[in-house]
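One structure below.
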Amino acid sequence: MTQPGVAESIRQRMGECSPAERKVARVLLASYPSAGFETVARLAERSGVSGPTVVRFVTRLGYTGFPDFQRALREDLDQRSASPSAIFARDGLPGDPHVDLIERAGGIAVDTLRRTFDRLVPHDLDRCIGLLVEARRVFIAGGRYSGLLGQLLAQHLQQLRPSVSVLAPEPSARVAQVGDLTRHDLLVVFDYRRYEPHLLALAAQAHRAHLPVVLFTDAWLSPIASDADVVLPSETEAPSPFDALTPVLALVETVVAGVLERLGPAATERMAAADRTAAELGLY
């Protein structure tokens with residue numbers, strides 16, 4: 001079973017923390033994971049709190065002390081950078097190999113979906129839907145595989161509201177699009193482990209331009225999380241060493257349902273108009 005990454009655990013538990021402990025959490029998330037490998041004294045200084053506050057914070061997360069927290073960080077880094085071949089060499093195939101593939105894969109899929117939705121923060125989902133409804137324009141970007149899910153989100157949103165685009169893969173076209181972004185727009189990024197530097201640079205640029213960012217990511221959290229206004233993590237366990245995309249698809253479908261509900265008649269009228277236009281053009 002995939003456990004939440006350290007960064008995701010910090011994010012989930014911040015609401016339980018004292019104001020001083022939340023200062024430590026923000027510093028850790030803003031400079032993750034490097035801040036966690038500093039000494040207690042240095043992390044306390046950066047956070048503007050005392051050393052005992054740092055220790056109380058990591059024990060609140062469930063660690064026995066700061067060395068135990070740093071051990072978890074090192075394990076987290078190994079997980080974040082693991083390739084499918086490394087995962088297979090280390091763990092083999094998930095589940096009991098003596099169990100029928102259909103039963104094994106079905107059990108993993110159901111459990112992964114359940115844990116994804118159990119850990120979904122309602123406020124984050126609501127904020128994501130609100131940004132998708134209110135933004136003047138929505139731009140979506142993803143990685144090698146996750147970009148496919150970004151395209152799917154874009155195609156659904158295009159039926160519900162205007163001005164939704166996938167960022168162009170061609171450098172000159174993407175530069176033009178990014179250069180035209182304003183704080184009234186929204187950037188949605190899909191980024192999963194072995195996180196892609198070009199997506200991190202894109203999100204950092206958006207953050208500097210005061211552009212809201214929604215991030216779909218995994219339990220270990222892309223580095224983009226420190227620049228994102230909303231983070232929607234999902235579990236990645238699959239019956240193979242390749243990370244599961246099914247939970248991400250379920251989140252995308254949930255977000256689309258929320259946007260449709262929030263837009264109401266404006267969305268349904270747009271869908272009906274699109275159907276009429278497609279019929280007139282003989283597209284379907």
Side-chain angles (χ1 to χ4, degrees), residues 2 4-12 14 25-26 28-33 76 79-81 115-117 119-135 137-154 156-157 164-167 174 177-178 181 183 185-236 243-256 258-259:
T2 304
V6 174
E8 174 61 2
S9 295
I10 294 171
R11 197 179 71 89
Q12 289 179 353
M14 279 183 69
R26 292 190 190 100
L28 285 168
L29 291 177
S31 302
Y32 188 85
D76 199 53
Q79 291 282 8
R80 286 161 62 94
S81 61
R115 287 185 284 115
T116 293
F117 280 87
R119 293 170 181 170
L120 184 60
V121 179
H123 175 269
D124 289 343
L125 177 63
D126 184 71
R127 178 65 173 145
C128 172
I129 292 167
L131 288 169
L132 286 168
V133 167
E134 298 161 8
R137 297 178 301 175
V138 177
F139 293 91
I140 301 174
R144 181 180 177 187
Y145 293 107
S146 61
L148 300 174
L149 293 164
Q151 292 175 18
L152 183 65
L153 174 61
H156 280 80
L157 291 177
V164 177
S165 305
V166 175
L167 282 179
R174 176 167 289 202
Q177 286 177 309
V178 173
L181 294 175
R183 61 185 178 86
D185 301 323
L186 172 66
L187 176 65
V188 180
V189 182
F190 289 76
D191 192 30
Y192 295 82
R193 65 175 165 184
R194 292 207 294 169
Y195 312 104
E196 302 188 39
H198 71 99
L199 295 174
L200 177 59
L202 174 65
Q205 172 72 14
H207 183 69
R208 288 193 295 270
H210 305 289
L211 182 77
V213 176
V214 169
L215 171 66
F216 287 79
T217 188
D218 50 37
W220 298 280
L221 299 191
S222 159
I224 293 170
S226 61
D227 287 330
D229 296 81
V230 177
V231 180
L232 297 178
S234 60
E235 296 298 307
T236 57
D243 285 349
L245 296 181
T246 305
V248 192
L249 177 59
L251 283 182
V252 167
E253 292 171 340
T254 302
V255 167
V256 169
V259 171

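Residue numbers run from 1 in the order of the sequence given.
- Put simply, CG on L187 and CG on L202 are 5.0 Å apart, with the number rounded to the nearest 0.5 Å.
- Proximity of a side-chain donor or acceptor of S234 to a complementary backbone N or O of T116 within less than 3.5 Å is not detected.
- When all heavy atoms of D185 and A135 are compared, the closest pair comes out as C-CB, 4.2 Å.
- To the nearest 0.5 Å, the span separating SG on C128 from CG on L215 amounts to 10.5 Å.
- Note that CG of L120 is 14.5 Å distant from CZ of R115, once rounded to the nearest 0.5 Å.
- Side-chain contact between V255 and V214: absent, with no pair of heavy atoms (C-beta onward) separated by less than 4.5 Å.
- With rounding to the nearest 0.5 angstrom, the OG atom of S226 is 12.0 Å from the CG atom of L28.
- Residues F139 and V178 have side chains not in contact (no heavy-atom distance under 4.5 Å, counting atoms from C-beta outward).
- Remark: side-chain polar atoms of D191 are paired, donor with acceptor, to backbone N or O of E196 under 3.5 angstrom.
- Of all heavy-atom pairs spanning D76 and G5, the tightest one is OD1-CA, 3.3 Å.
- In this structure, CZ in R119 is found 8.0 Å from OG in S9, a value given to the nearest 0.5 Å.
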Scan the side chains in residues 244-254 for donor-acceptor partners under 3.5 Å anywhere in the protein, sequence neighbours excluded, and list what turns up.
residue, atom, partner, partner atom, Å
T254, OG1, A250, O, 2.8

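- Partners of D229 by side chain to side chain contact (heavy atoms under 4.5 Å, CB included), not counting sequence neighbours, listed by chain and number: P212, V213.
- Summarising the geometry of L221 relative to P233, their closest heavy-atom pair is CD2-CB, 4.1 Å, with the distance given to 0.1 Å.
- Under the rule for a side chain to side chain contact (heavy atoms under 4.5 Å, CB included), the partners of A204 that lie at least two apart in sequence or sit in another chain are R208, D227.
- Applying the side chain to side chain contact (heavy atoms under 4.5 Å, CB included) rule to L200 yields the partners P223, I224; only residues at least two apart in sequence or on another chain are considered.
- Annotation: side chain of L181 is not in contact with side chain of Q177 (no heavy-atom distance under 4.5 Å).
- Between atom CG of residue L211 and atom CG of residue L186 there is a gap of 6.5 Å, rounded to the nearest 0.5 Å.
- Scanning all heavy atoms of the two residues, the minimum distance from W220 to A7 falls at O-CB, 4.0 Å.
- When every heavy atom of A141 is checked against every heavy atom of R174, the shortest pair comes out as CB-NH2, 4.4 Å.
- In terms of modelled atom types and a separation under 3.5 Å, the side chain of D218 and the main chain of T236 share no donor-acceptor contact.
- A donor-acceptor contact shorter than 3.5 Å is absent between the side chain of S222 and the backbone of Y195.
- Applying the side chain to side chain contact (heavy atoms under 4.5 Å, CB included) criterion to V166, with sequence neighbours excluded, gives Q151, A154.
- Minimum heavy-atom separation, D124 to V230: O-CG1, 3.3 Å.
- Annotation: side chain of V6 is not in contact with side chain of P33 (no heavy-atom distance under 4.5 Å).
- Partners of F216 under the ring pair (Phe, Tyr, Trp, His ring centres under 6.0 Å) rule, at least two apart in sequence or in another chain, are F190.
- The shortest side-chain heavy-atom distance between V188 and L132 falls under the 4.5 Å cut-off.
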